[in-house]
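A short worksheet on the structure shown next.
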Amino acid sequence: MIATTTTFASSPLFLIAAAVVLHNSTPLLSTTAAALSVDYYSTRCPSAETTVKIAVRHALTADPTLAAALLRLHFHDCFIQGCDASVLIDSTEENTAEKESPLNKSLRGYELVDAVKLVLEEACPGLVSCADILAMAARDAVFFAGGPGYEIAKGRKDGRRSRIEDAVKLPQPGFNVSDLLTLFGRHGFSTRDLVALAGGHTLGVARCSSFKNRLTHFDAAHQVDPSMNSHFAGTLTQICRLGDDTPVPFGYSPVTFDNDYFILLQMGKGLLFSDQELLSGSQTTTGEIVNAYAANEAMFFVDFQQAMVKMGLLDVKGDDEGEVRVNCRRVN
Ligand code: HEM
Ligand SMILES: *[C@@H]1O[C@H](CO)[C@@H](O)[C@H](O)[C@H]1NC(C)=O
Ligand SMILES: *[C@@H]1O[C@H](CO)[C@@H](O)[C@H](O)[C@H]1NC(C)=O
């Protein structure tokens with residue numbers, strides 16, 4: 001369970017974390033005493049939060065597409081081995097790291113994390129973990145892209161393991177809605193959390209290789225995936241003639257955080273099979289939530305921030321299980 005310091009216990013985050021613990025049988029939540037709190041750095045390293053915020057804002061001014069990259073890095077980190085910055089580790093001669101997996105598909109944002117880490121090691125050596133930097137950067141990226149602003153607990157420790165084979169724990173674009181519910185459920189997420197988190201696809205792009213199987217020879221009975229809008233399928237087929245790596249935005253704008261992802265699903269314009277499954281799959285509940293978020297952006301924002309707080313607590317490592325890395329790409 002998550003140990004609660006006074007500060008954490010008196011914060012709204014505690015209530016959310018407590019609700020997570022009480023309402024789910026969450027086998028993958030950390031069982032060690034990782035003492036997280038919202039103001040973890042306020043005495044230890046007062047410049048930590050602002051350093052990340054300023055760096056993210058500057059980086060997004062130069063390249064707004066980094067918002068998507070930072071959000072996705074944090075998601076991949078938390079789903080593999082818990083939120084412990086394992087996604088940042090480079091391979092060595094003896095170890096092939098998780099970032100080498102084909103599922104790493106175009107992960108970006110490492111340089112921003114490195115830059116922040118450099119500044120914070122100067123200001124407060126050995127205190128600010130790479131996992132916390134990632135969590136804060138993802139949170140700030142969402143906010144600067146127009147999404148909700150929210151507080152997160154800090155105090156994560158960095159892990160010492162990063163292996164390519166662990167990347168099988170990531171969801172795949174070919175997953176149907178029951179696959180998605182099973183995987184997210186195993187991490188303690190509700191149906192509502194799943195749909196809210198999938199809304200992270202309001203930012204960013206997918207490359208044609210991630211969805212082109214829906215455009216030709218989909219199955220024995222269909223050339224094109226019948227859940228895809230046929231005009232949209234025609235447009236994608238044209239675009240993807242340019243090659244497998246051609247990026248296509250999930251939403252109307254890949255740099256703006258809003259509820260357009262859900263509105264597009266209603267039109268049969270979800271890019272990934274797993275996206276469209278939330279509406280057209282065998283599960284009616286996910287479809288109802290998609291419709292609710294498409295009609296009510298504020299509801300999506302509230303649910304998204306709660307689900308992100310929950311995701312940021314996945315298998316968090318305590319003092320005895322982790323370290324504060326000096327260089328985010330290498331264990332100490
Ligand atoms: C529900 C299961 C999910 C599946 C199957 C999935 C799969 C994918 C795939 C295949 C891509 C495109 C990769 C490429 O073609 O290069 C992608 C991109 C992305 N994913 Fe997900 N994802 C899922 C959930 C999430 C969650 C929970 C988040 C964050 C909250 C997220 C955030 C993103 C972002 C922001 C991008 C765009 C990255 C960029 O433009 O650089 N995804 N995802
Ligand atoms: C992602 O994996 C591919 C191999 O599948 C590798 O060539 C590439 O360097 C990896 N990307 C990163 C950022 O490590
Ligand atoms: C979902 O996909 C899995 C394989 O990944 C399959 O076993 C299952 O029958 C599918 N479920 C539905 C409802 O289509």
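There is no side-chain donor-acceptor pair under 3.5 Å between Q81 and S162.
Grouping Ile, Leu, Val, Met, Phe, Trp and Tyr residues whose side-chain heavy atoms lie under 4.5 Å apart, directly or via other members, places I239 in a hydrophobic cluster with F211, L215, M228, F232, L236, V248, F250, L271, L272. Hydrophobic cluster of L264: the remaining members, joined at side-chain heavy-atom separations below 4.5 Å, are Y252, I263, M267, listed by chain and number.
Partners of T191 according to the side chain to side chain contact (heavy atoms under 4.5 Å, CB included) rule, which considers only residues two or more places apart in sequence or in another chain, are L181, Q283, T285, T286, I289. In terms of the side-chain hydrogen bond (donor to acceptor under 3.5 Å, both in side chains) criterion, H74 has no residue partners (sequence neighbours excluded). Listed by chain and number, the residues in a side-chain hydrogen bond (donor to acceptor under 3.5 Å, both in side chains) with T256 are S253 (sequence neighbours excluded). F175 is linked by a ring pair (Phe, Tyr, Trp, His ring centres under 6.0 Å) to nothing, counting only residues two or more places apart in sequence or in another chain. Partners of S91 according to the side-chain hydrogen bond (donor to acceptor under 3.5 Å, both in side chains) rule, which considers only residues two or more places apart in sequence or in another chain, are E100. Partners of F218 under the ring pair (Phe, Tyr, Trp, His ring centres under 6.0 Å) rule, at least two apart in sequence or in another chain, do not exist in this structure. The salt bridge (Lys or Arg N to Asp or Glu O under 4.0 Å) check on R160 picks up E323, with sequence neighbours excluded. Checked against ring pair (Phe, Tyr, Trp, His ring centres under 6.0 Å), Y293 has the following partners two or more places apart in sequence or in another chain: F262, F300. Residues satisfying the side-chain hydrogen bond (donor to acceptor under 3.5 Å, both in side chains) test with E165, not counting sequence neighbours, are R163. By the salt bridge (Lys or Arg N to Asp or Glu O under 4.0 Å) test, R139 pairs with E49, sequence neighbours left out.
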